[in-house]
Amino acid sequence: MKRKSIHELELGDFDVHPVWKAVEFDADELDEVVEPFEIDKDVIDFQEDYWVRIKGVLNDGSEIYGIGQINIEEGNVFSMSFFVKGDWEVLHLPPAPDFVLEVTGPIPFASKLSKEINCVFPMKVLPNLAKEITHKDIINIIET
């Protein structure tokens with residue numbers, strides 16, 4: 001299986017392999033190495049975190065796509081990055097420190113989408129996976 005840095009993943013990678021699993025983490029380089037997770041061959045460990053394509057449904061009804069980690073047991077999506085106007089945009093949420101939220105929090109995120117904050121949030125975020133894989137509905141509601 002081809003391993004990749006998390007920073008090398010593209011949305012198209014999820015067309016071929018809808019789930020990627022972390023196999024290494026380099027704390028010095030702040031990098032995570034992932035490999036495709038073969039759903040029909042491997043058993044999903046519901047306590048593990050997996051990288052998947054995610055869909056964000058904005059408050060105005062428009063949709064954006066990105067990648068994030070899901071924890072199936074807890075039923076949530078986290079570590080979200082969305083592909084916006086040709087760039088990856090990380091979305092950090094409280095309790096991230098103010099200096100982080102000033103750059104990658106909800107207000108600058110809405111600005112990068114060229115939208116008013118009330119057009120973006122509350123935003124639904126859900127994995128772009130079949131319920132047959134997760135065995136439950138996973139939907140995060142992000143409010144400001």
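Hydrogens, waters and symmetry mates are skipped; everything else that's a heavy atom, side chains included, is used. Residue numbers start at 1 and run along the sequence shown.
- Note on I67 and L58: separate hydrophobic clusters, where clusters join Ile, Leu, Val, Met, Phe, Trp and Tyr whose side-chain heavy atoms are under 4.5 Å apart, directly or indirectly.
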- Could you walk me through whether W88 and F83 pass ring-ring contact (aromatic ring centres under 6.0 Å, His included), step by step? CA-CA 5 Å; W88 285 103; F83 200 65; 5.1 Å; yes
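- The shortest heavy-atom contact between L101 and L93 is CD2-C, 3.8 Å.
- Residues I142 and L91 form a side-chain contact, since some pair of their non-hydrogen atoms from C-beta on lies under 4.5 Å apart.
- A 6.0 Å sphere centred on CD1 of I107 holds no more than 12 heavy atoms belonging to other residues, nucleotides or ligands.
- Contact annotation: the side chain of H17 approaches that of E38 to within less than 4.5 Å [non-hydrogen atoms, C-beta and beyond].
- Here the closest heavy-atom approach between residue L126 and residue I138 is recorded as CB-O, 3.4 Å.
- With a 4.5 Å cut-off on side-chain heavy atoms, P36 and V16 do not count as touching.
- Checked options I64, N59, I141; the residue passing with M123 is I64 (criterion: side chain to side chain contact (heavy atoms under 4.5 Å, CB included)).
- Considering all non-hydrogen atoms of both residues, E32 and A22 come closest at OE2-CB, 2.8 Å.
- Not a single salt bridge (charged side-chain N to carboxylate O under 4.0 Å, His left out) links D87 to another residue, sequence neighbours left out.
- Hydrophobic clustering keeps V77 apart from I139 (ILVMFWY residues linked when any side-chain heavy atoms are closer than 4.5 Å, directly or through intermediates).
- Judged by distance alone, with hydrogens and angles left aside, the side-chain atoms of N140 form no donor-acceptor pair with the main-chain N or O of N76 at under 3.5 Å.
- The shortest non-hydrogen separation linking P127 to V52 is CB-CG2, 3.9 Å.
- Closest of all the heavy-atom pairs between E102 and P108 is O-CG, 3.4 Å.
- The shortest distance between side-chain heavy atoms of F37 and W51 does not fall below 4.5 Å.
- Distance check: E8 CD to D31 CG gives 7.5 Å after rounding to the nearest 0.5 Å.
- F109 and V90 make their closest contact through CD1-O, 4.3 Å (heavy atoms, listed as atom of the first residue, atom of the second, distance).
- Distance CD/E35 to CD/E24: 9.0 Å, rounded to 0.5 Å.
- Every residue two or more places apart in sequence or in another chain that forms a side chain to side chain donor-acceptor pair (under 3.5 Å) with D15 is listed here: R53.
- Taken from NE2 in H92 to OG in S79, the straight-line distance is 7.5 Å, to the nearest 0.5 Å.
- Note that OH of Y50 is 11.5 Å distant from CD of Q69, once rounded to the nearest 0.5 Å.
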